[in-house]
Amino acid sequence: MKSNFTLALLLAAIILPQSLTAQEAATESKPAAAADQGEWGHLTGTVTVDGDVAAAKEEAVGDHADKAACLVDGKVPLDDNVLVNSENKGLADVYVIMYLKKKKDPAIHPSYLAKKAEPVVLDNVNCRFVPHATFVRTGQKLILKNSDAVGHNCHITTFNNEHNPNIPANSETEVKFDTEDSRPGNVTCDLHKWMDSVIFIRDNPYVAITDADGKFTIENLPAGEWDFQFWHKKVGYLKKLSIENQKVSKKGVTTVTIAAGETADLGTMKLPAKAIK
Amino acid sequence: MLAENRSVRFSFPNVIQLVKLNTSVFVLALCLALCLAFGGCEKSPAPKFRLNEVEILKQEKASLPQDEHFAESYDEEINAVLTSLFGTPESPKFPYLEGDEDEAHEFVNFDDLKWAAGRVHSDREGRPISGLYREHCSHCHGITGDGAGPTAAFLNPYPRDFRLSKFKFKSTPLRRSPTDHDMEMILRNGIPGTAMPSFRTLPDDEIKALIHYVKYLTIRGQLERMLISELSSLEGEPLMDMSFVPDGDLVAALVKLEADEDSDDEEEVEPTEEQEAFEEQLDYVLNELLLEGPLTRWSDPEDSVTEIPEVPEAIAASHPDHAALVDKGREVFFAKGNCAQCHGETAMGDGQTASYDDWTNDWIKSAGVDPTDKKTYKDFTDAGALKPRAIRPRNLRLPVYRGGGQPQNLYLRILNGIEGTPMPAGATLTEEEIWALVAYVKWLPYEHADKVKPKMVNNKAIAR
Amino acid sequence: MNRFWSILFFSVPILAIVTFLLTQFAIWPFEEVWFGDSFSDAGKTIDGIFNGIHLLSAAILLGTVLTIGLIIWKFDHRRYEPNSKATYFSHNTKLELIWTAIPAVILVALAFVQMNAWSENKMDRPMTNVNGTMVETPPTVLVKAKQFGWEFYYPGADGILETEDDLYIENLMVVPEQTDIVMQLESRDVIHSFFVSDLRLKQDVVPGMVQFAWFNANRTGDLQILCTELCGWGHYKMSAKLRIVPQAEYDQWLADLQSEYYPSE
């Protein structure tokens, strides 16, 4: 995307709000033009922690008025910011993000168009955000749900986006984002201060979040060399991540070659435990 | 005789006091004389924009091991980039707007910028020549617009820090910039219940100039925050190698770079690695950070203004349906609207009170900071942050409305929420429910305080 | 300069007379030393007393200084009987009686003269005929002073202040001309002092007290409201506009304030 500053400023001033959706439709409608049909591969891997992580503390529920509604099986739940699988040491909620240098927009597989039409759901259950890490594309519907018997608000704060809808007990509302961010932001509840989760809003769909085993898969990447970054709320960019047979740059960027029809496996990646704050 | 003695004895210490006082006065006068003799009566140096040390400290805590700091050369580079793009408090600049005649001029008017900046100075008729911002705003909002002027610490709430680009009382939704009209209304009406006074006695053109200057400070502060958040990923490379711009004009350098890229001259000299890195960084900072960040956000706020439907007549207390509307509002207040959780069952703002506003949350969320324990945040206050104070939900039984007390103002506050505060948007409420809430809220100060929570069955109020 | 002291003392009354005349007739450089014409008739009574006292003071000043000057002139020790000695004496009952009685008479006279102005401005609140009985005119506007600004509340559709439809505007007060305007003055925080020089109206605003002040503007104009409270750092900034307009314009303004989403000018 060749940008001319002055011109772009003028354009932005005139057509900005409309252009966002128009641009989006334009890029998605002709994905095949940029890459040959069928030249798609996948990426998978597992993020693990090398070393021991301090046990999670209880959430600071204290004697909040809504305590009764916030207990899980009668107990105060544990902080879910750092979730390490005790068996394989897999680290959950790590964002695997395609690192985009300018002028190198990847082709987008048609399957993502259908995926974008489906809404993402962020639920409030027992005063916890479920799931803990969310990824939403710009223009995609995000349903904010409250399954609790107490009211919540869902304060989404990222660099470029902010929403703070009030979600009364047992109700839901939806929001959409028209501006993307460069890194994940926070979701908090102003009524229950211990509630916090992360959200990433981006136009490019090549983003994955590791599951409870630390495993992730990004499907249907265009074949070629692509850069990836890893991000976790309590680490920031995973600059100290070690990947077998892969170089990780100082910025935490690693370059992976995606071959058509194949799955590139990054294997079991190791993050030193002391990187987690 | 006795009385005389007594008076002498009692006055004795006073004499000593007087001598002491005189000595100190004498020493003071001597110091002053010496200062004048050796220092002269020079003008104090022109004020400078203050670096956002709090943001730097926050980013250091987030990305560096304990007690490590970013290289000091970055401070200079940030200052150099910002000075190149935005000038100084004495002579402000705005990227690409100086002297050109296009529509972008409306965005931040350059003449207004110059008028509002600089030292306080007026002509014989008392008409200001420059320094509007310093005359009216800077003692609270600070030269940099960081909300930390000399009087800031004594005010509650604290004056606004523009650099986060958050504005509470506006006609646009969260994260959308306020319109010029929104800012004009704040300047004209002030914010009741806070130290923000009304500047109604200023002429229109001075108000307009101040609005443009506030926008300028906001955009500058926002870019500064973005530049600081870049530091953690630089890994020792320069943020912007200013040695490639001998005249210090980054905008001109980018124009030249883009012109060179557009021209088809093949006989170019192969640029060095540093040169390439600089060009990439220049393009990134101006085109991606500044243009797609603050400039885009401020370009056309009028397009995202929330439409306000017609005010129902029943909002007037004299209307026969007023009581019914107020009752409906009371029901929403306690049930669907979830208002009572913060504003309290008495609506006196005594519900949940332990939240902080976003300007405080911005740094108290850093690891290890407890806003109630001074020891844990001392390094932040040393860096210039103001002592964290919990934000109180508004006491709705006082008829003081910060964002304006007309039904339309209250409608906007409820529908959109209030940016930078825990006040959420009434996203699940219907238009009728919001108007009912407005009627209830406007009625609350005049209602007997023992008439509080109605009896609820299945979230419906039942008559007592 | 043998006659330095006597000339100095003579120069005082001469300069005083010149200054007095220049200011009284608004001649350069004293064009704007005095207040302009009062915008209220009650203010004119005050102006009358003020000018009277001023003239009286001027006369006393002239008399005193001229006497001293003459004495110094006449009894210059180099010219008046060289080597003569001054005589010292104390107590002159007649003289003391005179200079006690004359000021006392003047002061008592002033006390009588000012009574009308005081009652007109501070005691006799304007009355309104309501259904045949005269009652105190209800306040047109509620003025709340705060750190640092003036809040003005107007009654809404119900015509009563301090109800839920009150209209609010800051730092601008609009009133109709030739109408009795009663203001209810309150403070939100500290002592303030409401002052409109062109109306000769000044009233301290004390927290916890509800006070009333009134005026009747005799012509239209834009006046300045100031806070004349001295102590405290921000009172000097409490400047607001007082706009006196014809009745029709006032009604329109009030209607606009009621219907508009944001208060207009």
Side-chain angles (χ1 to χ4, degrees), chain B residues 135-136 139-140 150-151 154-156 169 171 181-182 184-204 207 308 310-311 313 315-319 322 326 398-401 403-412 438-447, chain C residues 32 142-174 186 188-190 192 196 222-227 232-243 253 255-265:
Chain B
E135 181 176 359
H136 301 294
H139 54 91
C140 292
T151 52
F154 308 104
L155 305 179
N156 189 357
F169 307 112
S171 55
H181 183 252
D182 290 335
E184 185 188 331
M185 286 306 132
I186 293 293
L187 280 176
R188 285 211 186 288
N189 298 323
I191 305 180
T194 76
M196 174 74 184
S198 149
F199 291 94
R200 197 179 294 283
T201 45
L202 292 191
D204 288 355
I207 293 223
I308 304 168
E310 204 173 320
V311 184
E313 282 176 9
I315 265 181
S318 52
H319 196 276
H322 180 253
V326 166
L398 286 178
V400 176
Y401 305 101
Q406 296 281 32
Q408 292 93 327
N409 301 126
L410 299 175
Y411 181 90
L412 279 178
V438 171
Y440 178 57
V441 165
K442 282 206 63 109
W443 182 245
L444 263 170
Y446 307 94
E447 186 180 77
Chain C
E32 285 171 21
L142 167 62
V143 183
K144 284 196 183 181
K146 66 174 179 188
Q147 288 173 321
F148 290 100
W150 299 99
E151 298 177 352
F152 299 100
Y153 294 83
Y154 285 86
D158 56 4
I160 305 166
L161 273 167
E162 295 181 277
T163 56
E164 95 298 335
D165 64 348
D166 277 2
L167 307 168
Y168 164 82
I169 189 160
E170 198 163 321
N171 284 2
L172 173 68
M173 175 168 152
V174 180
E186 289 173 27
R188 281 200 182 280
D189 32 53
V190 296
H192 296 277
V196 184
D222 271 11
L223 313 182
Q224 195 178 22
I225 298 169
L226 292 170
C227 179
W233 72 263
H235 293 285
Y236 73 95
K237 288 186 186 180
M238 292 174 64
S239 131
K241 263 185 239 173
L242 168 58
R243 183 169 296 166
W253 179 82
D256 287 348
L257 187 62
Q258 200 161 356
S259 63
E260 268 174 36
Y261 162 23
Y262 278 121
S264 61
E265 281 293 282

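Since we're looking at a predicted model, the values are computed, not measured. Below, read A as the first sequence line, B as the second, and so on, with proteins coming before strands; counting in each chain starts at 1.
- By the side-chain contact (heavy atoms from CB on, under 4.5 Å) test, B/E135 pairs with B/V120, sequence neighbours left out.
- For B/S318, no part sits under 4.5 Å from any heavy atom of chain C, backbone or side chain.
- Checking side-chain atoms of C/N171 against main-chain N and O of B/S198 turns up a donor-acceptor pair under 3.5 Å.
- Contacts of C/A157 with chain B are absent, with no heavy-atom separation under 4.5 Å from either backbone or side chain.
- Side-chain atoms of B/V400 and C/K146, non-hydrogen and from C-beta on, never get closer than 4.5 Å to each other.
- Across every non-hydrogen atom of B/P192 and C/Y168, the tightest pair is CG-OH, 3.3 Å.
- Contacts between B/P445 and chain C at a heavy-atom distance below 4.5 Å are absent for every atom of the residue.
- For C/Q224, no part lies under 4.5 angstrom from a heavy atom of chain B.
- The heavy-atom pair separating C/L257 from B/Q406 by the smallest distance is O-NE2, 3.0 Å.
- Under the rule for a side-chain contact (heavy atoms from CB on, under 4.5 Å), the partners of B/E313 that lie at least two apart in sequence or sit in another chain are B/H319.
- With C/E170 contributing its side chain and B/G190 its backbone, the two residues share no donor-acceptor pair below 3.5 Å.
- For C/D158, no part lies near chain B; criterion is any non-hydrogen pair under 4.5 Å.
- Side chain of C/E162 to backbone of B/Y446: no donor-acceptor contact under 3.5 angstrom is found.
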